[in-house]
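Have a look at the structure below, then the notes.
All residue numbers in this chain count up from 1 along the given sequence. Values reported hereafter were calculated over all heavy atoms of this structure, with side chains retained and with hydrogens, waters and symmetry mates removed.
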Amino acid sequence: MTDRENLLAKEDRIDLIYESLSSKLPNTSISKNSDEISIKINSNNPDPIEISIQSIEKQYRVTYWDGYAVNEFYDYANLNKALKKFNKFTLKAFNNIQKFGIK
């Protein structure tokens with residue numbers, strides 16, 4: 001059995017995803033700890049758009065919340081696959097904001 005990878009071990013990769021998104025959406029924030037990394041797109045909405053990846057037991061859960069009604073999550077055993085989904089969710093958030101705006 002192998003040790004679970006710490007999310008912060010991939011911090012450089014996550015920082016690149018965050019920098020790319022925050023350069024397009026300046027009101028974006030990130031929070032990090034060893035078990036969860038979360039990107040929020042801050043707005044007047046009390047429950048803003050959020051993309052997160054967290055280590056839960058023997059897997060990584062990637063979650064997307066659009067701030068209104070859409071909540072998606074996927075579980076992965078492999079951190080690299082989870083990071084790919086995390087990146088796809090940031091692109092999805094950005095595309096939705098371009099289409100519909102941010103409230």
Side-chain angles (χ1 to χ4, degrees):
M1 181 176 226
T2 60
D3 291 334
R4 300 297 301 161
E5 286 188 78
N6 185 306
L7 287 173
L8 294 179
K10 299 288 187 174
E11 190 170 12
D12 290 345
R13 190 165 166 194
I14 292 166
D15 285 342
L16 286 174
I17 294 169
Y18 171 70
E19 287 172 18
S20 175
L21 185 63
S22 64
S23 69
K24 299 170 191 166
L25 300 169
N27 54 344
T28 303
S29 62
I30 188 168
S31 64
K32 303 178 203 175
N33 66 52
S34 60
D35 294 328
E36 182 174 14
I37 296 175
S38 176
I39 295 176
K40 287 186 182 178
I41 301 167
N42 304 307
S43 67
N44 293 331
N45 185 342
D47 196 9
I49 297 169
E50 183 175 357
I51 304 102
S52 66
I53 181 170
Q54 61 188 145
S55 178
I56 302 174
E57 296 179 15
K58 297 181 180 183
Q59 58 192 358
Y60 301 96
R61 175 165 287 171
V62 184
T63 307
Y64 172 80
W65 167 249
D66 77 347
Y68 296 98
V70 176
N71 186 24
E72 295 180 55
F73 70 89
Y74 296 89
D75 294 330
Y76 297 92
N78 181 286
L79 180 55
N80 286 324
K81 288 182 180 181
L83 287 170
K84 284 181 183 179
K85 187 56 140 179
F86 184 79
N87 188 44
K88 286 182 181 181
F89 277 158
T90 60
L91 295 172
K92 179 179 181 171
F94 179 71
N95 289 334
N96 283 342
I97 289 169
Q98 282 189 312
K99 288 179 192 174
F100 308 113
I102 190 166
K103 296 176 174 74

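At least one side-chain heavy atom of Tyr64 sits under 4.5 Å from a side-chain heavy atom of Asn96. Looking at heavy atoms from C-beta onward, Phe89 lies in side-chain contact with Glu72 at the 4.5 angstrom threshold. Side-chain contact check for Ile37 versus Lys32: some heavy-atom pair is nearer than 4.5 Å. Under the 4.5 Å side-chain criterion, counting only non-hydrogen atoms from C-beta, Asp75 is not in contact with Ile56. Side-chain contact between Ile14 and Leu8 is absent, with no heavy-atom pair separated by less than 4.5 Å. Counting heavy atoms from C-beta outward, Ile49 and Lys92 have side chains that stay 4.5 Å or more apart.
Atom NZ of Lys24 is separated from atom CD of Glu19 by 12.5 Å, given to the nearest 0.5 angstrom. Annotation: the span from Ser29 atom OG to Tyr18 atom OH amounts to 6.0 Å, rounded to 0.5 Å. In this structure, the separation between CD1 on Ile51 and OG1 on Thr63 is 10.5 Å, given to the nearest 0.5 Å. Distance check: Ser52 OG to Arg61 CZ gives 9.5 Å after rounding to the nearest 0.5 Å. Rounded to the nearest 0.5 angstrom, Ile30 CD1 and Ile39 CD1 are separated by 4.5 Å. The CG atom of Leu91 lies 6.5 Å from the CG atom of Asn95; values are rounded to the nearest 0.5 Å.
Side chain to side chain, Arg13 and Asn80 meet the donor-acceptor criterion of an N or O pair below 3.5 Å.
Shortest non-hydrogen contact noted between Tyr74 and Tyr76 is CB-CE1, 3.5 Å. The minimum heavy-atom distance between Trp65 and Asn71, with the atom names listed, is CE3-CB, 3.7 Å. Across every non-hydrogen atom of Tyr60 and Ala77, the tightest pair is CE1-O, 3.8 Å.
A donor-acceptor distance shorter than 3.5 angstrom exists from the side chain of Ser23 to the backbone of Ser20, with no hydrogens or angles considered. Panel note: side chain Asn87, backbone Thr90; no donor-acceptor pair is recorded below 3.5 Å.
In this structure, Lys81 places its NZ atom where only 12 or fewer heavy-atom neighbours from other residues, nucleotides or ligands lie under 6.0 Å away. Applying the 6.0 Å contact sphere to NZ of Lys85 captures more than 12 heavy atoms from other residues, nucleotides or ligands.
One hydrophobic cluster, built from ILVMFWY side chains closer than 4.5 Å, holds both Val70 and Leu25.
For the side-chain contact (heavy atoms from CB on, under 4.5 Å) criterion with Leu83, the lone passing option out of Leu7, Asn78, Val62, Ile53 is Ile53.
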